Amino acid sequence: MSFHVPFEVVHDIIGIGTAVAIQIKDNNRVILVEFGDKTLEFTYPGQFCFHLRATNPLIQGEILQDLARYKPNVFEIITDAKETRIRFKKSN
């Protein structure tokens, strides 16, 4: 990962927050996000596919690339001129 914290994120329900740290917890990576007066913990990079996204498209694209590398049999990356997206791979 070439990006650094802090960076701005948006959660589908909670709204805008700031990612302040990425840590290892119980052999898994987690990201700590501050939303006003509370700090919440999310799985990294998994939650960036579902409920959380970086507002910076370059950071979001890199996070999705991390997710695809972490679960290569599950996800594939779609990149076009506008954005980087991730989707589940089609089963054969």
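Predicted model, so just to flag it, every value in this text is computed and none were measured.
- In terms of modelled atom types and a separation under 3.5 Å, the side chain of Glu8 and the main chain of Thr55 share no donor-acceptor contact.
- The two atoms that bring Ala19 and Val9 nearest to each other are CB-CG1, 4.1 Å, heavy atoms only.
- A search for side-chain hydrogen bond (donor to acceptor under 3.5 Å, both in side chains) contacts involving Glu41 returns Lys25, not counting sequence neighbours.
- Using a 4.5 Å heavy-atom cutoff, the side chains of Arg29 and Ile24 are in contact.
- The neighbour count for Leu40 CG, taken as heavy atoms of other residues, nucleotides or ligands under 6.0 Å away, is above 12.
- Here CD of Glu34 is found 14.5 Å from CD1 of Ile16. Values are rounded to the nearest 0.5 Å.
- Between the CD1 atom in Ile31 and the CG atom in Leu52 there is a gap of 6.5 Å [rounded to 0.5 Å].
- One hydrophobic cluster, built from ILVMFWY side chains closer than 4.5 Å, holds both Ile14 and Phe7.
- Distance check, rounded to the nearest 0.5 Å: CD1 of Ile63 to CD of Gln47 gives 12.0 Å.
- Tyr44 and Asn28 share no side-chain donor-acceptor pair at under 3.5 Å.
- Applying the ring-ring contact (aromatic ring centres under 6.0 Å, His included) test to every pair with at least one member in residues 20-43, sequence neighbours left out, gives these pairs: His11-Phe42.
- Not counting sequence neighbours, the partners of Asp12 by the salt bridge (charged side-chain N to carboxylate O under 4.0 Å, His left out) test are Arg53.
- Side-chain contact check for Val20 versus Leu32: some heavy-atom pair is nearer than 4.5 Å.
- Of the candidates Leu64, Ile22, Asp66, Asp66 is the only one forming a side chain to side chain contact (heavy atoms under 4.5 Å, CB included) with Pro45.
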